[in-house]
Amino acid sequence: MPSYQPPLRDMQFVMFELLGYEDEYRQMPLYSDFNRALADQVLEEGGKFASEVLFPINRSGDVEGCHFDPATGVVTTPAGFREAYRQFADAGWPSLGCATEYGGQGLPRALNNAFFEMLNASNQAWTMYPGLAHGAYECLLAHGTPEQRSTYLPRLVSGEWGGTMCLTEAHCGTDLGLLRTRAVPAADGSYTLTGSKIFISGGEHDLTENIIHLVLARLPDAPAGTRGISLFVVPKFLSGKDGKLAARNGIRCGAIEHKMGIHGSSTCQINLDGASGWLLGEANKGLNAMFVMMNAARLGVGMQSLGLSEVAYQNAVIYARERLQSRSLSGVKAADKAADPIIVHADVRRMLLTARAWAEGGRMLGYFIAMLLDREQGHADAGVRKDAGEIVSLLTPVVKAFLTDNGFAATSEALQVYGGHGYISEWGMEQYLRDARINMIYEGTNTIQSLDLLGRKVLQDGGARLKKFGALIEAFVEEHGINEAMQEFVNPLADLGQKVSKLTMELGMKALRNHDEVGAAAVPYLRIIGHLTYAWLFARAASLALAPAAAGEPFYIAKLATARFYFQRLLPETAMLIAQARSGADNLLALDADLF
């Protein structure tokens, strides 16, 4: 049976040694009371909830799945999910990163983000319910009217109500400009919505008494395409200003999907049959408003894969230490045993270190972006806020795609450590692999993230945001370039930075002649930028680890070894990726479609 221990020491290293959270948040009036002692307490207690309450119902929830009653449209979550949610809400966890004005604790989103890493590692399927509710909170906070905020936010913050986002329809996934759901104005200022949505995570469940759906739909006079999309608040139950529930609204679950993974998360077909809704934000600008929730969700999905990478790695290490198989090629290592533990074998080490590096790299990047989100909204200096927002915009698709690609690779390597036992359900590893696979698909497939990065975030502004991020890397290289002990990290980092600049210019020139060149290069290009980001972060971690590692401190010895493994074994992937990105569109488009 698997186990999970929150990686508190590494979380603390990233937050307080690598990223300097304490000094950072002193410069943000909203979070000036934030300190390490408070964060440590939150993480310790949050880790207990994750490992002691959520983790024990992860596998059972996967086996049981959700139950749908076609006669009533009611969805029942697996045994233990509702009780765990009640403990979660009663302890005040939904309010952690929410504004005090609406009953929140007013703590940084970065701390909430770290808490959600542990929840995801323990039980991704369960964690999707409160994760989506927090996304709805973010969207309503940014775009809701005062009345909408006062009606919905306190109950989302308390955990009394849940939330979803309803985008996808059967005939349109990514291309939301094709959506058909209609919203007709009513005499009382509300709108009547009709249509159907699919793949709605948490669209119906028994954890909360009400669910606030954020629904994309078209007004009768809306222009075609994405310019004609509006966003509406559509509650499961209508309510008064006092929050007391009244009539059932015309939005119901028509079915739940039978899926490869995340079985404990209800993925619903949602039917709107004359449902009452209220415009959220401006008419025909719903996609812009929804991006607040979608971007929060993209960071959240990255944290899902980070959590799975970590828990899969932990269990693979335990198994590798205990499983006896063959003798080391360099001689017997456990003479008192019939065979050596498999952790002595070089390729088992490769698998373990790959999963470890992807977990540690994902933690550094995810926590960095969460800090920048807080900086963007809460820093005292307007220029600092602007710079943070531009880097967040650049790297959000990287967080979503690079972390989820790597998370699937990490869970696959961890499963491989187990050999045949990894393929057997009772060990838990195959669930992590199945659960990780969806993260590369929803909230915009990783190809869409790649197109967004190269086409919109890099080429459309002439590389301005990329240059701003590159300046951080250049400053680090300049600071550590004369340190002989850092050459093994600084030199490859500087080299990749130069290659990225050259490649970006080449792709920009190609794209002027043929836009298909962007689509052909986008996926390898995103991985290259992901590696550039990880190389910078691992080099920073190595600079902090050198001295204490030399003094014999085990944590830093391991940190330095992981950084070296990353630079020597994983970063070289960029050579192949650069060749792929440069190879052009012809090798993809030359073959006639009829010949496939």
Atom pair [atom1] ([X]) and [atom2] ([Y]), whose distance is rounded to the nearest 0.5 Å:
X	Y	atom1	atom2	value
K502	Q498	NZ	CD	10.5 Å
M364	M15	CE	CE	14.0 Å
I229	L216	CD1	CG	6.0 Å
D516	L588	CG	CG	9.0 Å
C268	E204	SG	CD	6.5 Å
L306	L365	CG	CG	10.0 Å

Electrostatic pair [X]:[Y] at N-O distance under 4.0 angstrom:
X	Y	value
R385	D381	no
K400	E443	no
R363	E310	yes
D461	R456	no

- Query: Using the ring of each side chain (for Trp, its six-membered ring), is Y25 parallel, tilted or perpendicular to Y31, with breaks at 30° and 60°?
  - Reply: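 Geometry flag for Y31 against Y25: perpendicular rings.
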
- Message: Name the residue from L532, L496, V500 that meets the side-chain contact (heavy atoms from CB on, under 4.5 Å) definition with I473.
- Response: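 The option that passes is L532.
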
Please check if the distance between the ring centroids of [X] and [Y] is under 6.0 Å.
X	Y	answer
F538	F567	no
F402	Y534	yes
W536	F469	yes

Let's go through K386 and E376 carefully: what are the C-alpha distance in whole Å and the side-chain angles of both, what is the deciding distance for salt bridge (charged side-chain N to carboxylate O under 4.0 Å, His left out) to 0.1 Å, and is it a yes or a no? CA-CA 7 Å; K386 180 176 181 294; E376 179 186 10; over 6 Å; no

Passes side chain to side chain donor-acceptor pair (under 3.5 Å), E413 versus Y313? Steps please. CA-CA 9 Å; E413 295 283 18; Y313 163 73; over 6 Å; no

Side chain to side chain donor-acceptor pair (under 3.5 Å) between Y525 and T504, intermediate numbers included:
CA-CA 9 Å; Y525 184 85; T504 303; 2.7 Å; yes

Is it true that the side chains of [X] and [Y] contain a donor and an acceptor less than 3.5 Å apart?
X	Y	answer
R298	T396	no
N123	T127	no
Q27	R375	no
Q124	N439	yes
Y442	T168	no
Y566	E360	no
R527	N406	yes

Quick one: does [X]'s side chain get under 4.5 Å of [Y]'s, heavy atoms only?
X	Y	answer
C139	L231	yes
Q580	V523	no
H213	M165	no
L308	L433	no
C98	H134	yes
S266	C253	no

Practice prompt. Starting from the C-alpha separation in whole Å, work towards a yes-or-no answer on side-chain contact (heavy atoms from CB on, under 4.5 Å) for T404 and I441.
Written response: CA-CA 9 Å; T404 59; I441 298 173; over 6 Å; no

Donor-acceptor check, side chain of [X] to backbone of [Y], threshold 3.5 angstrom: yes or no?
X	Y	result
S393	G389	no
T574	L571	yes
S230	N284	yes
E169	T181	yes
D374	R109	yes
H171	L178	yes
E17	L544	no
S412	F408	no
D495	N491	no
R465	V392	no

Specify the closest pair of heavy atoms between N113 and A370, including all atoms of both residues, with the distance to one decimal.
->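 In terms of heavy atoms, the two residues are closest at ND2-CB, 3.8 Å.
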
Item to check | Shortest non-hydrogen separation from D452 to P397 and the atoms involved | outcome: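 It is OD2-CG, 3.7 Å.
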
Quiz item: Can you name the residues that form a ring pair (Phe, Tyr, Trp, His ring centres under 6.0 Å) with F199, not counting sequence neighbours?
Solution: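 Ring pair (Phe, Tyr, Trp, His ring centres under 6.0 Å) check on F199 returns nothing, list empty.
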
Between I256 and T267, does the side-chain contact (heavy atoms from CB on, under 4.5 Å) criterion hold? Intermediate values first, please. CA-CA 5 Å; I256 59 174; T267 305; over 6 Å; no

How about [atom1] on [X], more than 12 heavy atoms from neighbouring residues, nucleotides or ligands closer than 6.0 Å, or not?
X	atom1	value
K259	NZ	yes
M260	CE	yes
Q487	CD	yes
R350	CZ	yes

Practice problem: Tell me, please, whether F476 has R540 positioned over its six-membered ring: NZ or CZ under 6.0 Å from the ring centre and within 45 degrees of its axis? | Solution: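 Because its charged atom misses either the 6.0 Å distance or the 45° angle limit, R540 does not stack over F476.
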
| message | F489 vs R564, test: side-chain contact (heavy atoms from CB on, under 4.5 Å). Steps then yes/no. | response | CA-CA 8 Å; F489 308 109; R564 285 184 172 134; 3.7 Å; yes

Before you tell me yes or no, could you show the steps for T194 and L272 under side-chain contact (heavy atoms from CB on, under 4.5 Å), namely the whole-Å CA-CA distance, both residues' side-chain angles and the distance that decides it to 0.1 Å? CA-CA 5 Å; T194 304; L272 298 104; 5.7 Å; no

### Partner set under side-chain contact (heavy atoms from CB on, under 4.5 Å) for H263, not counting sequence neighbours
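Only D62, R434 meet the side-chain contact (heavy atoms from CB on, under 4.5 Å) criterion with H263.
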
- Query: By side-chain contact (heavy atoms from CB on, under 4.5 Å), which residues pair with E517, not counting sequence neighbours?
  - Reply: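 Partners of E517 by the side-chain contact (heavy atoms from CB on, under 4.5 Å) criterion, ordered by chain and then number, come out as K510, N514, A585.
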
_Before you tell me yes or no, could you show the steps for E390 and K468 under salt bridge (charged side-chain N to carboxylate O under 4.0 Å, His left out), namely the whole-Å CA-CA distance, both residues' side-chain angles and the distance that decides it to 0.1 Å?_
CA-CA 8 Å; E390 290 179 354; K468 186 164 287 188; 2.6 Å; yes

